[in-house]
Structures are given as C-alpha cells and as structure tokens.
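Heads up, the thing below is written out as structure tokens.
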Amino acid sequence: TPFRVEGRAAILANFTGFFGGFPTRRLALRQISLRVYGGTAVENGYFDLTLVDRGGKVTMLHGRYSTVSIKAGTRREIVETHASALPVSR
C-alpha cells in the first residue's frame, strides 16, 4: 500500500498480502549503516529483493530503506521504517 500502515495486525496483513503470492523470496542488504544514539538506533541501506511467483515468474526490486528502533527494556522495538524503490535509470 502506498499509505501509512499502523498497528501490529495491519503491518502483518500488509506483509502477508504482498509476500503471499511469492513462495520464493531472497533479500540481500547492501551498504548498511547503523548509528546508535543512546537508546535509539537508526539503520539505513540498500536492498535487492528477488521474488518468484507460483508460475515461476521472477521479479527483482532494488531499493533503499531506513529503520528507527528504540530500546524498550531488554528488547528493541521498531518505531519507524520506510522502503522505496530506486529510480530506474534510462
């Protein structure tokens, strides 16, 4: 969805809906940068995502992402994440 997805159930439904049609998936992260400021961590980088649908059609996506997480007790919780496709060169 191009719009904000909020709440655990909605996020799970969004990922399940998107990836459900692709039984084969491969994710490669590149140029990962992780910075920690107290209890807050900021990670960003690039990704190559290969998806293969049930008919064998291969789709490759290249993009960038960023994720912000906070320390909550002994756990880390994601408070913001974003991924977008890289512009296609012509």
Side-chain angles (χ1 to χ4, degrees):
T1 178
F3 304 105
R4 181 181 301 273
V5 178
E6 294 188 45
R8 186 180 186 97
I11 292 168
L12 181 60
N14 185 59
F15 277 97
T16 300
F18 179 78
F19 289 110
F22 301 100
T24 303
R25 304 173 288 272
R26 196 189 85 184
L27 176 66
L29 301 178
R30 297 183 289 115
Q31 294 181 309
I32 300 167
S33 171
L34 177 64
R35 297 165 320 278
V36 178
Y37 306 97
T40 302
V42 178
E43 176 184 343
N44 57 24
Y46 295 90
F47 66 85
D48 297 315
L49 178 60
T50 304
L51 304 168
V52 183
D53 68 15
R54 288 179 176 82
K57 179 182 175 196
V58 176
T59 301
M60 293 193 67
L61 303 171
H62 308 285
R64 57 184 155 231
Y65 74 95
S66 61
T67 301
V68 178
S69 62
I70 59 169
K71 190 165 185 179
T74 59
R75 300 177 358 155
R76 203 153 263 295
E77 294 184 11
I78 294 173
V79 294
E80 178 69 24
T81 189
H82 174 81
S84 57
L86 288 174
V88 177
S89 59
R90 297 176 190 213

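In what follows, every heavy atom counts, from backbone to side chain, and hydrogens, waters and symmetry copies are set aside.
Counting all heavy atoms, side chain and backbone alike, Lys71 lies closest to Arg76 at N-NH1, 3.5 Å. Scanning both residues, Pro23 and Val52, for their nearest heavy atoms gives CD-O, 3.3 Å. Between Ala83 and Phe47, the shortest heavy-atom contact is CB-CE2, 4.0 Å. Glu77 approaches Ala72 most closely through the heavy-atom pair OE2-CB, 3.6 Å.
Residues forming a side-chain hydrogen bond (donor to acceptor under 3.5 Å, both in side chains) with Thr24 (at least two apart in sequence, or on another chain): none.
Interatomic distance, CG of Leu27 versus OH of Tyr65, reported as 8.5 Å (0.5 Å rounding).
Using a 4.5 Å cut-off on side-chain heavy atoms (C-beta onward), Arg64 and Asn44 make no contact. Thr59 places none of its side-chain heavy atoms less than 4.5 Å from the side chain of Asp53.
Enclosure of atom CZ in Arg30 by more than 12 non-hydrogen atoms of other residues, nucleotides or ligands within 6.0 angstrom is indicated. Atom CZ of Arg25 sits in a crowded spot, with more than 12 heavy atoms from other residues, nucleotides or ligands closer than 6.0 Å. The local environment of CZ in Arg35 is crowded, with over 12 non-hydrogen atoms from other residues, nucleotides or ligands closer than 6.0 Å.
Residues Tyr37 and Val68 fall within the same hydrophobic cluster, defined by Ile, Leu, Val, Met, Phe, Trp and Tyr side chains chained together at heavy-atom separations under 4.5 Å. Residues Phe15 and Ile78 are members of separate hydrophobic clusters, defined by side-chain heavy-atom contacts under 4.5 angstrom among Ile, Leu, Val, Met, Phe, Trp and Tyr. Hydrophobic clustering (side-chain heavy atoms under 4.5 Å, transitive across Ile, Leu, Val, Met, Phe, Trp, Tyr) keeps Ile11 apart from Ile70.
Relative orientation of the Phe22 and Phe18 rings is tilted, given thresholds of 30° and 60° on the angle between their planes.
Thr81 contributes a side-chain N or O that, together with a main-chain N or O of Ser66, makes up a donor-acceptor pair within less than 3.5 Å.
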